[in-house]
Amino acid sequence: ISKINLAPLEKLSAIVAIHSEHTPPKLALDFKSNLTTKSHTVSGKLSGSDFSYRDLAIEKIDIPFRYEGNPDQASISLQAATLHHQGRPVTLDGEFDVSSKTLRIDKFSSSADLLSLASRTSPKLANRLETFAFDPPPSITASGILPVTSPEDADLNLSIAGDNALKFAINGNALSLDRLAASLSLKNGLLKTDNLSGELFKGALTAKTSLRPFEHPLSLDTLTLNLKDASREYLESFLGHSKKMSGKFNVHFEGHGPPSLEGITGHARVEAFDANFYTIPIFGNLTAMLKKLIPSFSHEEKSTLSADIDFNQGTLTSNNIKVRSSGTTINATASVSLPKKYLTADANVRLGGDGIVGAATGLLGKALEVEAKGPFDHIKWRFKNVPGLNQFEGIAELSGKLSENTISLLGGAAGKVIEAGKVPGEAVKEAAEAMKGLFQGLTPKKKK
């Protein structure tokens, strides 16, 4: 044996760097050597339990292998090589080329946490995967070519399935994508899928995307996403809002760029229904004003919303926001700067309703112009103008059966509003009082 050159096996030292505080794993070997060609064959098996590899805890390992090579070229073939990490198995059939450090994967399957495994064995991947975690991990199968020292050059086909949950964060807020399933390909540094699906905010998610996971910062080449029947309650919890929300929403998005609200560029169509929009913090002051004009707005549970939103690296704009409830229709345009946390918006508010409510809201017109400006934590809403006297007269004609006493009750507030051309706080207060008077005026007096 002293005449055999075992130098090629030196390259395996980093691969088999193992530590155990208990019974170390066992390595059984069978050598064959051709002194003429200086080629060697080593058949063996690595088996053991409860040890660590590069600080990675392994409960059990069973790796039969076969080494063949010479000083210039060598390979290790693996057949049903299996290890258990955190109670979950990883199995591999393939061949490792020692000189190029390239792994040919014929068959790979795992139910272990591969994100954890990858982060522990590759510092380069650890930095990119630090915001992602599986709990529990999915079932993954794969085949293809993986250069161990340059995974960005891999050519792989993968599939993900099972009862799993991918945890990650967007803008510091935690998210969970449940029951993730997808078929993916990784080639020339591009990770691509056309059939990703899962559950997000308790809604059904489908997506197509391509991204370059080894580039920094991470960037999406393309993203098409559909989210259906998601829960506003879970969305608002993600955003950190404490008030109880109701309703469901749908989203269709197409875009590209860094996967953050400040970085992505694209277009979204948003629809929400059966919702209580009065609980949205951004509508806070507007809700307070509208409650004075139509009380039902403060407890409307069947509102709908629709909007087309353009995303441009941190600036969100929409020219067709529409909120509808039984007594209110709001058409709005808005621009939001996420880096500055600042909102500007203009809204056309139509207060509707039948009978008394219609008459009362008609007092201030059927189209109130409202504007909003300010930082997220101090948005100020104000009425820009109200309709003129002719619309007030129109309401009087429409409600011709109203008594003269009731109309005179309304006159003071209406006159002040018309004279100012705006709706200052006192005018709104008087309008609210006038509405109260209107209801009282239409209530038959009890006979003495």
Side-chain angles (χ1 to χ4, degrees), residues 8-9 11-18 46 53-56 58 61-69 73-86 88-130 132-134 137-162 164 166 180-194 196 209-216 218-219 221:
L9 296 179
K11 298 179 181 180
L12 301 178
S13 60
I15 300 174
V16 294
I18 293 170
L46 176 66
Y53 167 72
R54 294 186 181 180
D55 297 324
L56 179 69
I58 296 175
I61 194 169
D62 185 10
I63 302 180
F65 64 89
R66 181 181 177 85
Y67 169 89
E68 293 181 288
Q73 186 175 4
S75 64
I76 303 171
S77 60
L78 303 168
Q79 193 72 31
T82 304
L83 68 81
H84 291 255
H85 174 62
Q86 297 178 341
R88 296 173 177 270
V90 178
T91 302
L92 170 66
D93 291 351
E95 183 174 277
F96 180 75
D97 185 84
V98 177
S99 57
S100 65
K101 295 182 179 179
T102 298
L103 177 63
R104 189 192 77 230
I105 301 172
D106 297 325
K107 183 180 179 181
F108 173 88
S109 64
S110 169
S111 60
D113 187 349
L114 294 185
L115 289 183
S116 173
L117 285 167
S119 297
R120 288 173 176 269
T121 56
S122 171
K124 184 185 292 187
L125 284 176
N127 292 332
R128 302 181 188 281
L129 299 175
E130 61 183 355
F132 297 89
F134 275 115
S139 297
I140 295 178
T141 61
S143 62
I145 303 296
L146 175 62
V148 175
T149 57
S150 56
E152 63 272 17
D153 296 325
D155 185 355
L156 296 172
N157 292 304
L158 308 97
S159 67
I160 300 175
N164 62 82
L166 176 61
L180 172 64
S183 296
L184 306 101
S185 63
L186 176 60
K187 188 172 184 177
N188 299 324
L190 183 68
L191 181 64
K192 183 179 179 181
T193 178
D194 291 326
L196 184 146
T209 187
S210 58
L211 66 150
R212 300 186 179 276
F214 303 100
E215 291 187 359
H216 185 76
L218 187 66
S219 180
D221 279 20

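These values consider heavy atoms only, across backbone and side chains, with no hydrogens, waters or symmetry-generated copies.
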What are the two closest heavy atoms between [X] and [Y], and how far apart are they?
X: G189; Y: P213; answer: O-CD, 3.5 Å
X: N164; Y: A161; answer: ND2-O, 3.6 Å
X: P147; Y: A154; answer: CD-CA, 3.6 Å
X: Q79; Y: D93; answer: C-OD1, 3.5 Å
X: A81; Y: I63; answer: CB-CG2, 3.7 Å

Just how far is it from atom [atom1] of [X] to atom [atom2] of [Y], taken to the nearest 0.5 Å?
X: L211; Y: L191; atom1: CG; atom2: CG; value: 5.0 Å
X: D194; Y: S185; atom1: CG; atom2: OG; value: 8.0 Å
X: F96; Y: L146; atom1: CZ; atom2: CG; value: 9.5 Å
X: L180; Y: I160; atom1: CG; atom2: CD1; value: 5.0 Å
X: S77; Y: F65; atom1: OG; atom2: CZ; value: 9.5 Å
X: S75; Y: L103; atom1: OG; atom2: CG; value: 11.5 Å

Would you call D221 and R212 a salt bridge, taking side-chain N to carboxylate O under 4.0 Å as the test?
-> yes

Evaluate the side-chain proximity of T102 to D153: yes if any heavy-atom separation is below 4.5 Å, no if none is.
-> no

Would you say the side-chain atoms of D113 pair up with the backbone N or O of P137, donor to acceptor, closer than 3.5 Å?
->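 Absent.
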
May I have the step-by-step check of side-chain contact (heavy atoms from CB on, under 4.5 Å) for V90 and R88, ending in yes or no?
-> CA-CA 7 Å; V90 178; R88 296 173 177 270; over 6 Å; no

Residue among I145, L158, L92, T141 satisfying side-chain contact (heavy atoms from CB on, under 4.5 Å) with I105 | L92

side-chain contact (heavy atoms from CB on, under 4.5 Å) between D97 and E95, intermediate numbers included | CA-CA 7 Å; D97 185 84; E95 183 174 277; 5.9 Å; no

